[in-house]
Amino acid sequence: MERTFIMIKPDGVQRGLIGDVIKRFETKGFTLVAMKFMAVSRELAEQHYDVHKERPFFQGLVDFITSSPVVAMVWSGEGVVASARKIIGATNPLTAEPGTLRGDFCIEVGRNLIHGSDAIETAQREIALWFSDAELVTWETHSKPWLSE
Ligand code: IDP
Ligand code: MG
């Protein structure tokens, strides 16, 4: 089953929005595979955002992600990577549609609440970076026949 990596960034944790974020993925019908509340090392933050290392905002982004704890998660479901990106909304919260997490809960790109993998291959890389195989839980929700035909 398809999986994606989702992280509630330090602003989401500090602002007490952990429950609101998790609720959106739960009520949509996706399945939680792994979750941990953690401080992020500089090394992990730099590896996670490696694709942006030449960008002017890179150091500030690494400073921010390591400044306060995050909630790292893996969610699974058919089409979860693209669907999670839609639930999250555009990178710039001011252009993110109302109804999306960024559209509803934040106002600046440097404090945009949440990360979600942008493609299936990216998700695989990010899940392996943040979680060990043993931390990924295999289980089946009792709602399965009420969510899928
Ligand atoms: P995404 O999170 O929607 O995938 P990316 O373009 O991959 O967006 O950028 C990664 C993260 O880097 C953003 O979520 C945001 O936190 C930060 N970022 C991107 N562009 C800027 C910028 O212009 N200024 C400050 N931070 C930025
Ligand atoms: Mg991205």
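These figures come from a predicted structure and were not determined experimentally. Indexing begins at 1, ligand by ligand and atom by atom, following the structure's order. Sequential numbering from 1 along the given sequence is applied to the chain's residues.
The NE2 atom of H48 sits 7.5 Å away from atom OG of S117, with the distance rounded to the nearest 0.5 Å. Considering CG of N112 and CD of E108, their distance stands at 10.0 Å, rounded to 0.5 Å.
Under a 4.0 Å criterion applied to the non-hydrogen atoms of T91, ligand 1 contributes the atoms 1 (P), 3 (O), 8 (O), 13 (C). Close approach of ligand 1 to K9 (heavy-atom distance below 4.0 Å) involves ligand atoms 13 (C), 14 (O), 15 (C), 16 (O). Of all atoms in ligand 1, listed by their number and element, those nearer than 4.0 Å to a heavy atom of N112 are 13 (C), 14 (O), 15 (C), 16 (O). Listed by number with element, the atoms of ligand 1 under 4.0 Å from a non-hydrogen atom of R85 are 1 (P), 3 (O), 4 (O).
In terms of polar-atom proximity, Y49 is not counted as a contact of ligand 1, lacking any N or O under 3.5 Å from an N or O of the ligand. An N or O contact shorter than 3.5 Å is missing between H115 and ligand 1 by distance.
Of the protein's heavy atoms, F57 CE1, 3.5 Å lies nearest to atom 18 (N) of ligand 1. Closest to atom 15 (C) of ligand 1, if we only count protein heavy atoms, is V109 O, 3.3 Å.
Salt bridge absent: R125 and E121 never bring a charged side-chain N and a carboxylate O closer than 4.0 Å. D20 and K23 are not joined by a salt bridge, as no carboxylate oxygen comes within less than 4.0 angstrom of a charged side-chain nitrogen.
Using a 4.0 Å heavy-atom cutoff, R111 is absent from the residues neighbouring ligand 1. Heavy-atom separations between L61 and ligand 1 include at least one value shorter than 4.0 Å.
Classified by interplanar angle (parallel below 30°, tilted 30° to 60°, perpendicular above 60°), the ring pair F57/H52 is tilted. Under the 30°/60° scheme for interplanar angles, the aromatic rings of H115 and F5 are found to be tilted.
Contact annotation for R102 and ligand 1: only side-chain heavy atoms (C-beta onward) come within less than 4.0 Å of the ligand. Contacts with ligand 1 closer than 4.0 Å are made by side-chain heavy atoms of H52 only, the backbone lying farther away.
Within 6.0 Å of CH2 in W146 there are 12 or fewer heavy atoms belonging to other residues, nucleotides or ligands.
Taken together through direct or relayed side-chain contacts under 4.5 Å among Ile, Leu, Val, Met, Phe, Trp and Tyr, I87 and W75 form part of one hydrophobic cluster.
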